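Written out below as structure tokens is the structure these notes cover.
None of these values were measured; they are calculated from a predicted model. This chain uses plain numbering: 1 for the first residue, then up along the sequence. Just so you know, ligand 1 is whichever comes first in the structure, and atom 1 is the first atom listed for that ligand.
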Amino acid sequence: MFLITTASKVGAETARLLAQRSEPVRVLVRDQGKAPALAQAGIEVVQGDLEDPATIDAAMRGVATVALVSPAIPRQELNVVNSAVRAGVEHVVKITSDSSADSPIARRRGQAEIENGLIASGLSYTLLKNNAYMQNFLMQAPMIAATNSFGSSTGDGRIGMIDTRDVAALAAEIAASPAPHKGKTYWPTGPETLSYPDVAAALSKVLDRPITFHSLTFDQQRQAMIDAGLPEHVAEDNAQALSLFARGEADYTTSDVQSILARPARTFEQFAADHADAFS
Ligand SMILES: NC(=O)c1ccc[n+]([C@@H]2O[C@H](COP(=O)([O-])OP(=O)(O)OC[C@H]3O[C@@H](n4cnc5c(N)ncnc54)[C@H](OP(=O)(O)O)[C@@H]3O)[C@@H](O)[C@H]2O)c1
């Protein structure tokens, strides 16, 4: 039995891919009403909360492998790690990012704490330290649809952005056959690095209309995300991450998708074509 800890973008797709392999899959959700498609796909959807260890223990019954994916609040993910130890789980695939204990970004400090807790637990694990998700652009899709323009504080910084469907494919593959991946850390990326102006060019080509990019200052970026509904601390974290991207820290690609899945990673143009309705 596989347990996926949330029906997040990556979690829901990981569950679907494992179910397509006729594997028994369980997903923990706070609100079962939000996951009817997963239940229809034959996935066991159980109600729980990562804040509540008793609900995690209930979801962990009979589980051999866990895909650990959530907003990465250390208390919550370490609840899962502790539950997995109690249940004798065989392997944990942890979805994470670039992280370090002294990062200026709170989320990355949290990821480092979780990774260290997982490693110290003695559980078998694999870390997927993903580059930025292409799906982040879906948050700006309504504005792009309305104005044919979008902004950010990334400047010309290039990013090896990855499609979350590829992250999920990696998580599913590793969960299904963990042996060669035990104790390993991967740095999954897409096939190329793109700046935000490159993204504007790719969207213009795929959507067949001009989409323009404009630069924002750090404060404008932070405020734009608050205006879009993000809590202040998340907007601050995200704006900090975009400043690091501007400085080139996400400007790398790896061959992890190709070498683990034996197929290329999805391109941004593929992502944009598959989500063209959202941008239109
Ligand atoms: N975005 C990026 O560019 C990027 C890049 C690299 C790595 N990552 C990592 O990817 C992970 C996020 O993955 P994602 O984008 O797939 O997530 P996501 O789509 O943002 O979804 C988060 C999920 O967590 C659930 N959740 C929140 N609090 C919960 C709780 N207390 N108990 C149970 N479920 C709870 C939410 O459920 P509800 O529907 O109930 O709210 C939602 O389904 C993070 O670890 C992040 O650091 C992100």
Side-chain angles (χ1 to χ4, degrees), residues 3-17 26-38 45-56 58-60 66-80 83 92-100 103 105-115 118 127-140 152 154 159-172 185-190 194 199 225 229-231 234-235 237-242 244-245 249-250 252 254 256 268 271:
L3 174 65
I4 319 298
T5 57
T6 63
S8 60
K9 291 184 288 299
V10 170
E13 180 68 4
T14 303
R16 274 191 288 271
L17 292 171
R26 186 179 293 151
V27 179
L28 183 147
V29 297
R30 289 193 287 195
D31 176 358
Q32 282 175 306
K34 281 193 188 171
L38 292 179
V45 180
V46 297
Q47 201 275 328
D49 192 314
L50 300 180
E51 290 286 353
D52 181 352
T55 63
I56 302 171
M60 200 67 75
V66 172
L68 180 51
V69 53
S70 83
I73 296 166
R75 181 181 63 249
Q76 296 182 358
E77 291 209 5
L78 293 174
N79 280 343
V80 176
S83 176
V92 176
V93 184
K94 158 79 180 128
I95 304 299
T96 181
S97 61
D98 194 358
S99 67
S100 72
S103 171
I105 301 171
R107 190 170 52 231
R108 295 186 179 189
R109 294 194 299 275
Q111 291 286 28
E113 185 180 341
I114 296 162
E115 291 166 18
L118 174 58
L127 302 182
L128 293 180
K129 291 170 81 74
N130 306 297
N131 208 322
Y133 295 162
M134 293 176 186
Q135 273 73 3
N136 294 342
F137 285 96
L138 293 176
M139 279 185 280
Q140 288 171 292
S152 90
T154 50
I159 305 157
M161 52 190 81
I162 184 167
D163 192 309
T164 55
R165 294 171 295 178
D166 285 339
V167 177
L170 290 169
T185 296
Y186 297 106
W187 292 82
T189 70
L194 295 171
V199 164
M225 289 192 281
L230 288 185
V234 178
D237 259 17
N238 289 355
Q240 295 259 18
L242 293 174
L244 294 179
F245 294 168
E249 73 128 47
Y252 63 89
T254 67
D256 287 336
F268 187 85
F271 159 80

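Checking only distances, Ser97 never comes within under 3.5 Å of ligand 1, N or O to N or O. Below 3.5 Å of separation, one finds no N or O of Glu51 facing any N or O of ligand 1. For Gly11, no nitrogen or oxygen atom sits less than 3.5 Å from a nitrogen or oxygen atom of ligand 1, counting backbone and side chain alike.
No option in Arg109, Gln111, Lys129 other than Lys129 meets the side-chain hydrogen bond (donor to acceptor under 3.5 Å, both in side chains) test with Ser99. Just one residue in the list Val45, Leu50, Thr6 forms a side chain to side chain contact (heavy atoms under 4.5 Å, CB included) with Leu28, and that residue is Leu50.
For ligand 1, the atoms closer than 4.0 angstrom to any heavy atom of Ala7 are 43 (O). Within ligand 1, counting atoms from 1 as listed, the ones closer than 4.0 Å to a heavy atom of Ile95 are 10 (O), 45 (O). Here is the list of ligand 1 atoms found below 4.0 Å of a heavy atom in Val10: 16 (O). In the vicinity of Thr96, heavy-atom distances shorter than 4.0 Å reach the ligand 1 atoms 6 (C), 7 (C).
Around atom 11 (C) of ligand 1, the closest heavy atom drawn from Ser70, Pro71, Gly110 belongs to Ser70. When the options Arg30, Gln47, Met161 are ranked by their closest heavy atom to atom 28 (N) of ligand 1, first place goes to Arg30. Across the listed options Glu77, Gln111, Arg108, Arg75, Gln111 owns the non-hydrogen atom lying nearest to atom 47 (O) of ligand 1. Ranked by closest heavy atom to atom 3 (O) of ligand 1, the top entry among Val69, Asp237, Asn136, Thr5 is Asn136.
At a 4.0 Å heavy-atom cut-off, ligand 1 touches Gln76 through the side chain alone. Contacts between Thr6 and ligand 1 below 4.0 angstrom, taking non-hydrogen atoms only, involve the side chain exclusively.
Asn131 counts as a contact of ligand 1, since one of its heavy atoms falls under 4.0 Å from the ligand.
Looking only at atom types and distance, the side chain of Asn79 has no donor-acceptor partner in the side chain of Glu51 under 3.5 Å away.
Using a cutoff of 4.0 Å between basic side-chain nitrogens and carboxylate oxygens, Glu115 and Lys94 are not scored as salt-bridged. Salt-bridge check for Arg107 with Glu113: failed, with every basic side-chain N at 4.0 Å or more from each acidic carboxylate O.
Under the 3.5 Å distance criterion, the side-chain polar atoms of Ser103 are left unmatched by any main-chain donor or acceptor of Ser100.
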- Task: Begin with the C-alpha distance, continue with both residues' side-chain angles, and end with the deciding distance and a verdict on side-chain contact (heavy atoms from CB on, under 4.5 Å) for Asp98 and Arg108.
- Result: CA-CA 7 Å; Asp98 194 358; Arg108 295 186 179 189; 3.9 Å; yes
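Between Phe137 and Phe268, the distance from one ring center to the other falls under 6.0 angstrom.
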